Amino acid sequence: MTIIELKTQNVKALKAVRLTPEPTGIVEIAGKNGAGKSAVLDAIKWALAGGRAIQERPVRDGQAGASTELDLGDYTIRQDIAIDGKCRLTLQSKDGGSFPQAWLSAATNSIVLEPEEFVRKPAREQSTVLRQLVGLDT
């Protein structure tokens with residue numbers, strides 16, 4: 001599963017972000033503290049994991065709601081979050097058909113990586129996790 005494009009707005013402190021990875025699939029997310037790096041990762045995680053992953057105060061102060069759209073090539077995931085934290089997830093295939101949340105849960109269950117948990121692991125464990133994620137057998 002590869003992110004072709006990410007569009008998100010009003011998630012946490014973010015106003016709006018649009019990311020289109022290079023052909024390598026790598027995107028550098030950098031900035032000062034409070035710039036929204038974690039909010040970008042949260043937006044992705046929330047869209048993939050659904051409402052169960054959303055933290056307190058997911059919507060930017062002063063806004064009525066937040067949204068994230070992930071283009072995964074064959075599929076598009078759109079998540080709208082209201083100020084009260086309730087969310088609506090729309091899952092569509094490229095041909096316009098919809099698909100169930102259960103499909104998304106099954107597809108992402110084996111690949112979800114918690115960044116905060118990952119950085120606390122020893123280097124050897126980080127290396128093992130990364131090799132598993134990319135399917136590298138060394």
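Count residues from 1 along the sequence. Being a predicted model, the structure only gives us computed values, none of them experimental.
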Only counting residues at least two apart or in another chain, list the ones meeting salt bridge (charged side-chain N to carboxylate O under 4.0 Å, His left out) with D61.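 Per chain and number, D61 pairs via salt bridge (charged side-chain N to carboxylate O under 4.0 Å, His left out) with R57.
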Tell me whether [Y] is reachable from [X] by hopping between hydrophobic residues (I, L, V, M, F, W, Y) whose side-chain heavy atoms are closer than 4.5 Å.
X	Y	value
I4	L41	no
L14	I77	yes
V11	L19	no

Which heavy atom of [X] sits nearest to which heavy atom of [Y], and what is that distance?
X	Y	answer
T68	A47	CG2-CB, 4.2 Å
Q79	W46	NE2-O, 3.1 Å
N10	G65	CB-O, 3.3 Å
V59	I81	CG2-O, 3.8 Å

Kindly determine whether L70 and L48 satisfy side chain to side chain contact (heavy atoms under 4.5 Å, CB included), including the steps that lead there. CA-CA 9 Å; L70 285 175; L48 292 174; 4.0 Å; yes
Using residues 84-91 as the side-chain source, report each donor-acceptor pair under 3.5 Å to any protein atom, sequence neighbours left out, with the distance given to one decimal.
unit_1, atom_1, unit_2, atom_2, d
D84, OD1, K86, N, 3.0
R88, NH2, D80, OD2, 3.4

Would you check if the side chain of [X] reaches a backbone N or O of [Y] as a donor-acceptor pair within less than 3.5 Å?
X	Y	value
T128	R124	yes
K12	G36	no
T8	S67	yes

Exceeds 12 heavy-atom contacts within 6.0 angstrom, atom CG of D95: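 Yes.
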Residues which pass side chain to side chain donor-acceptor pair (under 3.5 Å) with R18, listed by chain and number, not counting sequence neighbours: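 Once residues adjacent in sequence are excluded, the partners of R18 under the side chain to side chain donor-acceptor pair (under 3.5 Å) criterion are E5.
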Side chains of E69 and T76: does their closest heavy-atom pair fall under 4.5 Å?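 A side-chain contact exists here, since the closest heavy-atom pair is under 4.5 Å.
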